[in-house]
S.K.: 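Supplied in structure tokens, the structure appears directly below.
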Amino acid sequence: MGAGALRGLGSRGTQWLAVAVLAAVVVAILPPVAGPASSPADGRLVSVIVQARPGALAAAVRQVEQVGGQVGRQLRVINGFSARMPAGQVSRLQGSPPVSSVTENGPVAMQAAAYAPTTDAGSLYTTTVQTGAQAYWKAGYTGKGVDVAVIDTGTAPVPGLATAGKVVNGPDLSFESQAPNLRYLDTYGHGTHMAGIIAGRADAAVAGKYPGDTTNFLGMAPDARIVSVKVADAMGAADVSQIIAAIDWGVQNKTTNGLNIRVLNLSFGTNTSHPYTIDPLCHAVEAAWKQGITVVAATGNAGFYKAPGGPGLTSPARDPYVIAVGAADMMKTLSVSDDQVASFSSSGVGGSGGTKNPDMLAPGRSVISLAVPGSFIDQTYGASGAVTGGYMRGSGTSQAAAVVSGAAALVLQQHPTWTNTQVKALLMNTASKLKVGLQTDAVQGKGTLNLTSALGVTNVAAAQAATNSTGAGSLEGARGSAHLVDNGVVLNGEKDIFGDAISTATLASRRTAGTAWTGGTWNGRIWSGSSFTASNWTATTWSGRMWSGRMWSSEVWSGRMWSGRMWSAGTWTGRMWSGDGWSGNTWSSAGWN
């Protein structure tokens, strides 16, 4: 699965999503390189922004490669791109006919906002105190022994997730799986943010001393392990077929090679046109639930609907079995008494989404978690949303779902024999109703997460009864408005990303039988990166600089054809992975888009 390299701009015309914010910052604050600063023999790699003359972008790319440079992300707004190149060749490039200017790509970390964990309502320190996670830590429950599968954009070995054994990689099913330097890594920035909320832990944090630690970064369940299954690339590009395949893999491998997947975090959603009773994505999560996995899903960021006819919850949160989590707004204070439902959090009223309400809420506005330097989110929103220490603010039901996934890991360590239905009942029945703003079940379900109340509960009698999904609905309907697009050609219909036909009814039957994956084969084809690897970060190298925008050097991957076209997924509409916002405008009453 691949995307064309930037070097193919001249011949393929692949559409690219412009990183307009980064480009604007670079142009505004960086002066052109003034003459040779180094000798031609100086081979030190420096990071630069190259602006090409009109119509000469492909030629400028070739010039950079000819002098030993490595081309990074395209910056369409300035008709240019980022690159790393030998310092001694900068002046030569500056004088090249296709090149208008070369500017040093200086760091913008100085713009990151400072914060104090104990007084910032969005810090994870505050979140773990207010939700009661630290009460669990004091009782000796930190998520140890529980694996949380995160199907998302991958994870990066940033501080907080870099400890050996903290992250185990499942398959990389993304379009970047063919690139050894990108495989498994989070080039978009979303998955790392979620993983940090769920189970982040700084290297210096000391076991047994987590409660009250105001210095070290700690997620909700700091000793839980993340099983990362990457499905989306640096542009957030993914298809619902990849997501379903990832869920199927997690179910069939929940105890493979020493894994103990008890929780599945799904911080995304589609506006499917199906009711859950036939939706293929809902059938996949029901299969996970019936195999004992606690599935936590974000409700969506569409806001409140006061009358029937709204979209309702996104899929798969609309499925009655899973824990559907909406977002609470901490209102920039340390008191829980003024917390409200976040304005962007989807309600459960009417429409094609049915009448399911959010099951509960968790903090979801301006949550501070781990950032990935050079990722799409960092480059696009880092100038406004970055926080000192390598963190980023993010808002959305994505973040709220991650908080609850961490909470579920704590409960499962305390009660390892409990069923997922018991975990769901405990979290819902001990939740606290918000007393300010909208208070109906349609917007807040049972209320906001309250682990302090949950800690003392020793037994829960719980059962769920609902019509099961058949999963026989169309793949196209499950996509909703989220479609991959390449040069105007849309991936639609009953095809996966390879163009292979999918029978959702047949797939549902195989899933029920536990054979959706056969070895490395799903839907009759071997998916690259499908072999399980018990990889932690001990053998991983990561420079932390501009790797995220780089695609692999091979322009064409012959194993991937559809309608006679190479599938690059250069653009994607309806991005499922976006939080409601990553801006530094953290407490605005308006939703972020």
S.K.: Salt-bridge test for D223 and R201: reply yes if a basic N is under 4.0 Å from a carboxylate O, no otherwise.
M.R.: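 A salt bridge is present here (some side-chain N lies under 4.0 Å from a carboxylate O).
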S.K.: With distance as the sole test, does K356 use its side chain to make a donor-acceptor pair with the main-chain N or O of D319 at under 3.5 Å?
M.R.: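 Pair found, side chain donor or acceptor close to backbone of D319.
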S.K.: Mind listing the closest non-hydrogen atom pair of L124 and G196 along with its distance?
M.R.: CD1-O, 3.8 Å
S.K.: Quick one: does any side-chain atom of Q134 pair with a main-chain N or O of T128 as donor and acceptor, under 3.5 Å?
M.R.: no
S.K.: For a quick test of reading the model, state the closest non-hydrogen atom pair linking G348 to N357 and the distance between them.
M.R.: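 Answer, listing the atom of G348 first, then N357: O-OD1, 3.7 Å.
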S.K.: Return the orientation label for the H415 and W418 ring planes: parallel under 30°, perpendicular over 60°, tilted otherwise.
M.R.: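 Parallel, since the angle between the ring planes stays under 30°.
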S.K.: Does atom NZ of K138 have more than 12 heavy-atom neighbours from other groups under 6.0 Å away?
M.R.: no
S.K.: Any donor and acceptor pair, going by atom type alone, linking the side chain of D186 with main-chain N or O of Y188 inside 3.5 Å?
M.R.: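 Yes: the side chain of D186 pairs with the backbone of Y188.
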S.K.: Could you walk me through whether L185 and E176 pass side chain to side chain contact (heavy atoms under 4.5 Å, CB included), step by step?
M.R.: CA-CA 9 Å; L185 294 175; E176 293 173 339; over 6 Å; no
S.K.: Determine yes or no for a side-chain-to-main-chain donor-acceptor pair under 3.5 angstrom, with Q130 supplying the side chain and L334 the backbone.
M.R.: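 Yes; judged by distance alone, with no hydrogens or angles, the pair exists.
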S.K.: I'd like to check M331 versus V436 (side-chain heavy atoms, cut-off strictly below 4.5 Å). Are they in contact?
M.R.: no
S.K.: Return each pair, listed once, that meets salt bridge (charged side-chain N to carboxylate O under 4.0 Å, His left out) where at least one residue sits in residues 372-389; pairs must be two or more places apart or across chains.
M.R.: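 Found none.
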S.K.: If you take all heavy atoms of A302 and S346, which pair is closest and at what distance?
M.R.: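 Looking at all heavy atoms of both residues, the closest pair is N-OG, 2.8 Å.
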S.K.: Tell me whether Q413 contacts the main-chain N or O of T142 through its side chain, where contact means a donor paired with an acceptor under 3.5 Å.
M.R.: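 Side chain of Q413 to backbone of T142, a donor-acceptor pair under 3.5 Å: yes, one is there.
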S.K.: Look at the rings of Y381 and F376 and say which category their plane angle falls in: under 30° parallel, 30 to 60° tilted, over 60° perpendicular.
M.R.: perpendicular
S.K.: Mark yes or no for whether W137, through its side chain, and M220, through its backbone, hold a donor-acceptor pair below 3.5 Å.
M.R.: yes
S.K.: For residues V325 and V403, determine if any side-chain heavy atom of one lies less than 4.5 Å from a side-chain heavy atom of the other.
M.R.: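 No, side chains not in contact.
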S.K.: Can you find a heavy atom in the side chain of D147 that is under 4.5 Å from one in the side chain of V168?
M.R.: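 No, side chains not in contact.
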S.K.: For the residue pair S337 and S335, confirm or rule out a side-chain donor-acceptor distance under 3.5 Å.
M.R.: yes
S.K.: What pair of heavy atoms forms the shortest contact from R84 to S47, and how long is it?
M.R.: CG-CA, 4.2 Å
S.K.: Considering residues, nucleotides and ligands other than K446, do more than 12 of their heavy atoms fall under 6.0 Å from its NZ?
M.R.: no
S.K.: Show the nearest heavy-atom pair for residues P157 and A162, with the distance to one decimal.
M.R.: O-CB, 3.7 Å
S.K.: Test D233 against S174 for side chain to side chain donor-acceptor pair (under 3.5 Å), laying out the working first.
M.R.: CA-CA 6 Å; D233 66 7; S174 75; over 6 Å; no
S.K.: For the residue pair W289 and Y321, categorise the inter-ring angle as parallel (less than 30°), tilted (30 to 60°) or perpendicular (more than 60°).
M.R.: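 Tilted, since the angle between the ring planes falls between 30° and 60°.
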S.K.: Is there a donor-acceptor pair closer than 3.5 Å between any side-chain N or O of T126 and the backbone N or O of P117?
M.R.: yes
S.K.: Would you check if the side chain of D329 reaches a backbone N or O of S343 as a donor-acceptor pair within less than 3.5 Å?
M.R.: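 No, the answer is negative, given that no donor and acceptor are paired below the 3.5 Å cut-off.
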S.K.: Between the side chain of N260 and the main-chain N/O of V146, is any donor-acceptor distance below 3.5 Å?
M.R.: no
S.K.: Tell me the closest heavy-atom pair linking A327 and L361, and the distance in Å.
M.R.: N-CD2, 3.8 Å
S.K.: Side chain of N301, backbone of F344: donor and acceptor closer than 3.5 Å?
M.R.: no
